[in-house]
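I have placed the structure first, in the form of structure tokens, so that the comments after it can refer back to it.
Protein chains get the first letters and strands the later ones, always in sequence-line order, with residue 1 at the start of each.
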Amino acid sequence: MTTQKQNTTNTQQGSSNTLLADVDIAVVGGGVVGCGVVRRLALAGASTVLIEKAADILDGASKGNSAILHTGFDAPPGSLEWECVQKGHAEYLEIHESMNLPLLKTGALVAAWSTDEEERLHGVLKKGLNNGVEDLCLLSQAEIKSREPHLADGVRAAIHVPREYVIDPWSTPLAYLLQAVDNGGRALFNAEVTGGEYDGSHWLLKTAKGKVRARYVINCAGLYGDTLDQAVFGESEFTIMPRKGQFVVFDMAASKLVNSVILPVPSERTKGIVLFPTIFGNMMVGPTAEEQDSRDDASVDKETLEMLASKAVNMLPALAGMPVTATYAGIRTATERKEYRIITDSERNWITLGGIRSTGLTSALGLAHHVLDLLNEMGADFTAITNPVVPQVPNLAEHLPRDCHKPGFEEIVCHCEMVTKREIDAALGGKIPAGSISGLKRRTRVTMGRCQGFYCSARLAELTEGKFETPLGIGDAHE
Amino acid sequence: MNDKLRSETWDVAIIGGGPAGLSAAITLKKAGINNIVVLDRENEAGGVPRHCGHPPFGIREFGRILTGPAYAKRIAETARQLNIEIALQSSVTSLKPEGKLSILRPEGEIELQAKRVLIATGTRETPRSARFVSGGRPLGICNTGALQAMVYLKNTIPFKRPVVIGTEIVSFSALFTCKRAGIKPVALLEEESKASVFWPIQYSAGILGVSLYRQTGIVEILGKERVTGVRVSDGNGQERLIECDGVLFTGKFVPEAGLVHMSHLKSDPATGAPILDQYGRCSDKAYYAAGNIIKNPVKVAGTCWQNGKIAATKIEKDLAGQLD
Ligand SMILES: Cc1cc2nc3c(=O)[nH]c(=O)nc-3n(C[C@H](O)[C@H](O)[C@H](O)COP(=O)(O)OP(=O)(O)OC[C@H]3O[C@@H](n4cnc5c(N)ncnc54)[C@H](O)[C@@H]3O)c2cc1C
Ligand SMILES: Cc1cc2nc3c(=O)[nH]c(=O)nc-3n(C[C@H](O)[C@H](O)[C@H](O)COP(=O)(O)OP(=O)(O)OC[C@H]3O[C@@H](n4cnc5c(N)ncnc54)[C@H](O)[C@@H]3O)c2cc1C
């Protein structure tokens with residue numbers, strides 16, 4: 001086996017002066033927000049390009065979140081965040097089936113574990129009802145027990161939030177981007193935007209791969225939203241203050257122990273530590289909220305993981321002794337202020353979607369509509385596509401039929417997560433091929449299970465040979 | 001194959017075609033129980049020894065020293081010569097009461113009914129995540145099993161200068177595999193004051209020129225795309241940095257018992273292995289378990305072979321109505 005790198009389109013170097021695209025709209029950043037926005041704009045009839053600096057989408061904040069589709073019951077009333085979360089939630093429910101995106105109808109319990117929390121619960125209920133989430137209700141201890149028989153006895157009361165759901169954090173943005181591409185959009189990878197100039201009618205963006213010309217630019221650079229504005233304008237109205245959240249993922253056997261998302265009574269600063277089922281059939285606890293300087297250091301630490309695991313056991317005593325499958329961290333795009341930082345420069349046709357901190361997976365579709373509205377106000381005049389193509393993404397959800405349930409899959413490569421060779425081949429091809437090992441994991445679940453690659457890494461190294469810049473196998477075994 | 005698997009009620013279905021499963025199958029067949037099937041999810045039977053490209057294997061079974069792959073071939077061949085049905089690419093996905101199994105095969109999903117089932121799915125090493133090791137998730141972190149499969153089955157390597165964690169018997173295999181593949185470990189770490197199997201490790205570490213650090217634990221893995229180093233700490237809290245391009249976590253075996261945990265069978269929360277009665281039966285008496293899935297600490301292939309044989313003898317009696 002050799003590790004010679006083939007030239008895939010992902011890594012081809014253009015000269016820095018090549019004009020890579022000349023479009024109506026350039027969306028910078030392939031996080032969930034950028035993917036959601038580019039989809040809406042492509043459907044609106046604009047010619048679009050999404051520009052991502054990494055080899056695959058979801059290289060920033062969107063890589064590691066809790067994957068909860070929020071109702072907005074605890075959002076700041078009347079805020080743009082509240083509006084976008086509600087719209088995003090509604091649109092996801094409308095479109096998910098058509099794109100083969102899963103939905104796990106868990107519902108959530110906001111659980112109070114102390115008298116103080118129990119008192120605050122009433123405020124939470126009131127706020128939620130005022131926020132238009134009308135199906136909230138208080139549950140008695142007996143009602144909680146009947147929904148969640150394994151929850152510890154210390155739970156005093158809870159609010160039931162029926163429409164907080166669990167979704168697939170990675171296939172969702174992929175589906176959005178695919179729809180943009182299927183309807184005429186383009187995507188560029190390994191193309192960090194390093195600057196740009198506006199000539200009064202068009203932007204000329206400088207990227208690591210070449211130039212992009214566009215009438216409008218939407219900055220969806222997430223954790224680097226402020227630095228992109230600085231690179232282009234010399235200043236930014238906000239500063240990203242990265243806030244890390246660590247998670248512990250328990251073995252699939254734990255998923256029998258909890259049905260709903262168990263939320264804490266929210267505080268001003270964070271949504272707090274949550275216990276929840278994942279769409280992939282696991283059960284998870286997290287995230288923490290830790291401020292740090294680094295925007296890309298998603299490392300975990302032992303003490304915090306131990307704290308999370310013991311917290312989970314306190315809430316769910318039957319978890320004691322349950323094996324841990326994985327640990328990871330995500331980084332929120334927090335800023336010095338709590339609210340979304342949407343900045344519109346209508347002189348220069350530039351919109352920045354900054355600080356989409358802790359609800360972006362849900363709000364992305366809502367934000368996308370908001371961007372379209374802003375563009376219309378700025379005088380953009382697109383004609384919506386009449387019969388848009390609706391792409392289907394492969395299902396990774398555990399509760400729905402997966403590729404391994406359809407005959408002819410050739411071979412199970414990853415036995416823990418039941419990932420087939422057919423699935424891996426498909427993810428390595430197609431219109432937006434996986435660009436890295438971690439990208440491939442997010443598209444297939446490969447090596448994400450209990451053994452973390454003990455059984456299948458060797459086969460995976462073989463199947464991905466020559467595909468990625470940073471490969472699994474780095475040379476021959478025999479000198 | 002699907003039709004065949006579905007059509008009969010098997011006397012015994014054996015999950016796992018490693019040393020334990022195959023030895024049980026061979027024993028049963030020789031005892032005249034013909035209606036048996038071995039199910040394995042891989043493309044080849046033989047189990048973990050398939051990728052242990054080094055001796056010693058086979059002393060107890062064949063009276064000679066073989067490499068793992070030669071041993072795996074030999075036990076699979078022995079089973080085939082006895083006309084034992086071996087269904088490969090057959091992933092057992094659930095265990096149901098009274099010997100009903102769900103199986104996924106490339107041709108489709110099937111259910112199989114057996115009077116008795118032997119679970120012989122083996123063990124694996126604890127991965128980095130379950131050890132709660134601090135740091136990011138760069139490439140270049142793996143277990144001995146994965147390293148061996150890369151080196152011996154796919155002729156590739158995940159790193160060139162790893163730090164090796166642990167000093168169990170398997171760590172010896174790990175060092176040996178590194179040597180074979182031209183990998184030069186930069187350090188061997190053991191948290192305890194003594195190595196778990198002191199003699200061979202000391203010896204092989206010496207041969208390879210690898211320094212063994214006792215009472216030294218890994219504190220953090222460094223690196224973004226790939227591992228660039230580890231921070232380690234000795235017993236006195238003294239920390240230092242070791243530059244490396246990989247971390248090889250060896251040992252701390254856990255049973256490959258996900259199937260059991262998801263099923264109606266009872267397991268021991270402390271070890272994760274199924275709970276067995278004095279005959280080696282699980283909490284549902286249609287199920288037995290043998291081999292490394294029930295061995296803690298993990299045993300060599302010869303012991304698992306022996307253990308499979310004993311389980312087969314019990315099953316034979318059971319089928320004849322002579323157990324309870
Ligand atoms: C721990 C945690 C839990 C969360 N839980 C939930 C939840 O349950 N539900 C929910 O709705 N939301 C949740 N969120 C929030 C959600 O994940 C974020 O709001 C969302 O990911 C923000 O996405 P983004 O696209 O703005 O930023 P990012 O994901 O950071 O995307 C920005 C992209 O731009 C690229 N980029 C940066 N600079 C450049 C450049 N100069 N040129 C080109 N490309 C560039 C980056 O590589 C990156 O891919 C959670 C977040 C975290 C961290
Ligand atoms: C890295 C390493 C090095 C070793 N070196 C040595 C050595 O030098 N000498 C020595 O004697 N021993 C060695 N051993 C130990 C030896 O490999 C084991 O003792 C032996 O393989 C255990 O046999 P087993 O049959 O219990 O399990 P395994 O050999 O692990 O076989 C289990 C089988 O079950 C199959 N299986 C698992 N789950 C399913 C499922 N759901 N459906 C279908 N099939 C399934 C697997 O594919 C596998 O073939 C080593 C082990 C390791 C991990």
Side-chain angles (χ1 to χ4, degrees), chain A residues 1 3 248-249 251-253 256 296-306 309 320-329 404-412 415-416 418 420 437-438 449-459 461-462 465 469-479, chain B residues 41-43 51 89 91 93 104-109 124-160 180-183 219-222 224-226 245 254 256 258 261-262 269-270 272:
Chain A
M1 184 163 171
T3 50
V248 172
V249 184
D251 192 274
M252 284 196 180
K256 291 186 273 195
D296 60 6
D297 177 7
S299 58
V300 294
D301 73 86
K302 193 173 176 149
E303 287 72 36
T304 307
L305 299 173
E306 279 165 355
M322 184 66 71
V324 165
T325 292
T327 61
Y328 69 89
C404 62
H405 298 109
K406 281 174 242 132
F409 54 70
E410 282 184 69
E411 173 191 342
I412 302 279
H415 297 292
C416 301
M418 299 304 274
T420 70
I437 292 285
S438 49
R450 329 184 143 94
C451 90
Q452 295 279 302
F454 177 90
Y455 293 110
C456 74
S457 319
R459 181 69 174 129
E462 183 178 46
E465 188 193 346
E469 197 83 34
T470 311
L472 271 177
I474 60 163
D476 288 356
H478 303 292
E479 305 264 84
Chain B
R41 61 192 184 186
E42 297 291 343
N43 298 323
H51 56 70
Q89 294 208 313
S91 307
T93 54
L104 255 177
R105 309 193 70 251
E107 301 152 52
E109 213 172 351
R124 57 183 159 79
E125 298 159 283
T126 300
R128 174 268 177 99
S129 53
R131 301 176 189 226
F132 280 0
V133 176
S134 303
R137 299 202 300 163
L139 290 182
I141 303 171
C142 71
N143 289 123
T144 318
L147 171 71
Q148 289 195 331
M150 284 179 93
V151 166
Y152 293 118
L153 300 180
K154 307 297 179 193
N155 187 27
T156 186
I157 53 173
F159 39 54
K160 290 186 171 141
R180 265 288 294 276
I183 297 168
V219 178
E220 186 183 5
I221 297 176
L222 308 170
K224 189 162 190 283
E225 297 281 323
R226 274 195 192 287
D245 70 347
V254 290
E256 174 62 356
H261 301 160
M262 299 298 283

> So what's closer than 4.5 Å to chain B heavy atoms on A:Asp296: side chain, backbone, both or neither?
Replying inline: both
> Is a side-chain N or O of B:Ser134 found less than 3.5 angstrom from the main chain of A:Lys302, in a donor-acceptor match?
Replying inline: yes
> So which part of A:Glu410 gets closer than 4.5 Å to some heavy atom of chain B, the side chain, the backbone, both or neither?
Replying inline: backbone
>> Less than 4.5 Å to any heavy atom of chain A: does that hold for the side chain of B:Arg128, its backbone, both, or neither?
In response: side chain
>> What part of B:Pro158 gets within 4.5 angstrom of chain A, counting heavy atoms only: side chain, backbone, both, or neither?
In response: both
>> Taking side chain as everything from C-beta outward and backbone as N, CA, C, O, which of these in A:Thr325 sits under 4.5 Å from a heavy atom of chain B? Side chain, backbone, both or neither.
In response: backbone
> So what's closer than 4.5 Å to chain A heavy atoms on B:Lys160: side chain, backbone, both or neither?
Replying inline: both
>> If I measure from the heavy atoms of chain B, does A:Met322 come under 4.5 Å with its side chain, its backbone, both, or neither?
In response: neither
>> Heavy-atom cut-off 4.5 Å, strictly under: side chain, backbone, both or neither for A:Ile437 against chain B?
In response: side chain
>> If we ignore hydrogens and angles and just use 3.5 Å, is the side chain of B:His261 paired with the main-chain N or O of B:Gly272 as donor and acceptor?
In response: yes
> Which distance, rounded to the nearest 0.5 Å, do you find between the CG of B:Leu104 and the CD of B:Gln89?
Replying inline: 11.5 Å
> B:Thr93 versus chain A, heavy atoms under 4.5 Å apart: side chain, backbone, both or neither?
Replying inline: side chain
> Does the pair A:Tyr455 and B:Glu256 meet the rule for a side-chain contact (heavy atoms from CB on, under 4.5 Å), with working shown?
Replying inline: CA-CA 11 Å; A:Tyr455 293 110; B:Glu256 174 62 356; 3.7 Å; yes
> Rounded to the nearest 0.5 Å, how far does CD1 of B:Ile157 lie from SG of B:Cys142?
Replying inline: 11.0 Å
> B:Arg226 side chain to B:Asp245 main-chain N or O, any donor-acceptor pair under 3.5 Å?
Replying inline: no
> Which region of B:Leu139, side chain (C-beta onward) or backbone (N, CA, C, O), has a non-hydrogen atom less than 4.5 Å from a non-hydrogen atom of chain A, or is it both or neither?
Replying inline: side chain
> Where on A:Ile412 is there a heavy atom nearer than 4.5 Å to chain B: the side chain, the backbone, both, or neither?
Replying inline: side chain
> So what's closer than 4.5 Å to chain A heavy atoms on B:Arg137: side chain, backbone, both or neither?
Replying inline: side chain
> For A:Ala320, is it the side chain, the backbone, both or neither that has a heavy atom under 4.5 Å from a heavy atom of chain B?
Replying inline: neither
> Heavy-atom distance under 4.5 Å to chain A: side chain of B:Glu125, backbone, both or neither?
Replying inline: both
>> Report which part of B:Glu225 has an atom under 4.5 Å of a heavy atom belonging to chain A: side chain, backbone, both, or neither.
In response: both
>> Under 4.5 Å from any heavy atom of chain A, what part of B:Val151 do you find: side chain, backbone, both or neither?
In response: both
>> Let's go through A:Arg459 and A:Glu411 carefully: what are the C-alpha distance in whole Å and the side-chain angles of both, what is the deciding distance for salt bridge (Lys or Arg N to Asp or Glu O under 4.0 Å) to 0.1 Å, and is it a yes or a no?
In response: CA-CA 11 Å; A:Arg459 181 69 174 129; A:Glu411 173 191 342; 2.7 Å; yes
>> Can you tell me how far apart CD (A:Gln452) and SG (A:Cys416) are? Round to the nearest 0.5 Å.
In response: 8.5 Å
> chain B heavy atoms under 4.5 Å from A:Glu306: which part of the residue, side chain, backbone, both or neither?
Replying inline: both
> So which part of A:Val248 gets closer than 4.5 Å to some heavy atom of chain B, the side chain, the backbone, both or neither?
Replying inline: side chain
> Can any side-chain N or O of B:Asn143 pair as donor or acceptor with the backbone N or O of B:Gly145 at less than 3.5 Å?
Replying inline: no
>> Is B:Arg124 in contact with chain A via its backbone, its side chain, both, or neither, using a 4.5 Å heavy-atom distance?
In response: both
> How many angstroms lie between atom OG1 of A:Thr327 and atom CZ of B:Arg131, to the nearest 0.5 angstrom?
Replying inline: 12.5 Å
